[in-house]
Amino acid sequence: MKHDPFRLPLTGYFIVLSGICWREALRFLNQRGRFLSALVRPLVWLFIFAAGFRSVLGVSIIPPYETYVLYEVYVTPGLVAMIQLFNGLQSSLSMVHDREVGAMRILLVSPYPRWYLLVCKLVAGIGVSLLQVYAFLAVAWFWEVELPPTGYVTVIPALLLSGLMLGAMGLLMSSLFRQMENFASVMNFVIFPMFFASSALYPLWRVQESSLPLWWICTLNPFTYAVELIRFALYGQFAPLAALVVAACAAVFLAASILAYDPSAGIMARRGGPETAK
């Protein structure tokens, strides 16, 4: 029996959203190792890598910076984006398990629209990533990474948009796998190339001077634009090109994820799974 999503009560939509967000929050609180790993990983880069290369990799005056900055300050936006990248893929990793034997297995066969359930999952993941990001920025402040006070507020829209793009990308990847082990092994092949082939660790003009093919790869990497969107937002500035690319990629990844989880036309329909229970 088919259900009309427009006839479902609005309170039900709110209950679904709050339930998924609450479950994601409880999972985050109970998995303290997940929080510590998300926090330690960028801090290691900040304390060890950035400190070691401070005198080697100088950063000239480039927007949005109005003066020379420490290398630790330059890499901070990239490390913030790395936190969101890891969180987006980890949240999608749990989706692989949930859709087989967890709560999402039940929700995916509920009368509520599938696209709404996936968006709720993304919203919950973005909320968790915001907590991780601000915890990292709080620790980084004691490491001479002093950002403008308003930047902690103006960066929120950038974090929401970049979190949506990276979360939707992870959600799309999760539709391709039915076992957590397979998905976890592929994560490293996605995370590290995206992180290193971007402007997270060095300005693109330096990459262009050393390798033009690598510069093109960095330019085509959507993670680069997420980093630059966050970088400018931390200084109260808007990067229109970065915002446009991140928004477009987020829309494409989200649309592809919804299609992939469609039981009648998506990848899940061809692979089988909880959708066949409908």
Side-chain angles (χ1 to χ4, degrees), residues 38 40-89 133 136-137 139-148 151-152 154-155 158-159 161-163 165-166 169 187-250:
V40 170
R41 189 182 299 111
L43 288 177
V44 168
W45 281 91
L46 184 65
F47 295 161
I48 300 178
F49 181 87
F53 284 85
R54 175 189 292 185
S55 59
V56 178
L57 299 176
V59 180
S60 61
I61 302 177
I62 56 175
Y65 309 111
E66 298 179 354
T67 183
Y68 289 97
V69 296
L70 296 175
Y71 185 66
E72 293 94 316
V73 175
Y74 177 82
V75 299
T76 295
L79 297 179
V80 168
M82 183 178 71
I83 292 175
Q84 291 197 301
L85 177 61
F86 269 92
N87 182 80
L89 293 182
V133 166
F136 166 73
L137 291 177
V139 178
W141 186 84
F142 293 97
W143 198 256
E144 300 182 359
V145 182
E146 299 180 4
L147 304 171
Y152 294 97
T154 56
V155 75
L159 293 176
L161 188 57
S162 59
M165 182 194 75
L166 298 174
M169 183 189 69
M187 284 176 58
N188 291 331
F189 291 97
V190 175
I191 292 175
F192 291 108
M194 290 189 69
F195 178 67
F196 286 108
S198 70
S199 60
L201 300 179
Y202 22 72
L204 291 185
W205 65 267
R206 282 187 173 273
V207 179
Q208 188 176 17
E209 288 181 349
S210 59
S211 175
L212 187 59
L214 180 58
W215 177 80
W216 277 109
I217 295 175
C218 295
T219 304
L220 297 176
N221 183 3
F223 186 75
T224 295
Y225 299 93
V227 172
E228 294 306 309
L229 181 64
I230 295 173
R231 188 187 311 279
F232 278 80
L234 284 172
Y235 290 86
Q237 301 181 33
F238 178 66
L241 176 61
L244 179 62
V245 173
V246 173
C249 291

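Judged by distance alone, the side chain of Ser162 and the main-chain N or O of Ala226 form no donor-acceptor pair under 3.5 Å. For Tyr235 (side chain) and Leu147 (main-chain N/O), no donor-acceptor pair under 3.5 Å exists by modelled atom type.
Counting heavy atoms from C-beta outward, Leu229 and Val245 have side chains that stay 4.5 Å or more apart. Contact of the Val139 side chain with the Phe47 side chain is registered, since non-hydrogen atoms from C-beta on lie closer than 4.5 Å. Taking 4.5 Å as the limit, some side-chain heavy atom of Trp45 sits within range of a side-chain heavy atom of Leu201. Residues Leu85 and Met169 are in side-chain contact: their nearest non-hydrogen atoms beyond the backbone lie under 4.5 Å apart. Side-chain contact between Thr76 and Phe136 is present, with at least one heavy-atom pair separated by less than 4.5 Å. In this structure, Leu166 and Phe223 have side chains that are in contact, with non-hydrogen atoms separated by less than 4.5 Å. Residues Tyr225 and Thr219 meet the side-chain proximity criterion, which asks for heavy atoms closer than 4.5 Å.
Under the ring pair (Phe, Tyr, Trp, His ring centres under 6.0 Å) criterion, Phe86 pairs with no residue, sequence neighbours left out. Remark: Glu228 engages Ser199, Arg231 in a side chain to side chain donor-acceptor pair (under 3.5 Å) (not counting sequence neighbours). Partners of Phe232 by ring pair (Phe, Tyr, Trp, His ring centres under 6.0 Å), not counting sequence neighbours: none found.
Using bins of under 30°, 30° to 60° and over 60° for the plane-to-plane angle, the ring pair Tyr74/Tyr65 lands in the tilted bin.
The minimum heavy-atom distance between Pro148 and Leu234, with the atom names listed, is CD-O, 3.7 Å. Minimum interatomic distance between Ser198 and Cys218 (heavy atoms only, all atoms of both residues): N-SG, 3.7 Å. The two residues Val227 and Ala200 come nearest to each other via the heavy atoms CG1-CA, 4.1 Å.
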Output, in order, the C-alpha distance, side-chain angles, deciding distance and verdict of side chain to side chain contact (heavy atoms under 4.5 Å, CB included) for Val207 and Ile217. CA-CA 10 Å; Val207 179; Ile217 295 175; over 6 Å; no
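Rounding to the nearest 0.5 angstrom, the gap separating the CZ atom in Arg206 from the CG atom in Leu214 is 14.0 Å. For the atom pair CG of Leu79 and CD of Glu72, the computed distance is 10.5 Å after rounding to the nearest 0.5 Å. Between the CG atom of Leu159 and the CG atom of Leu137 there is a distance of 8.0 Å, given to the nearest 0.5 Å.
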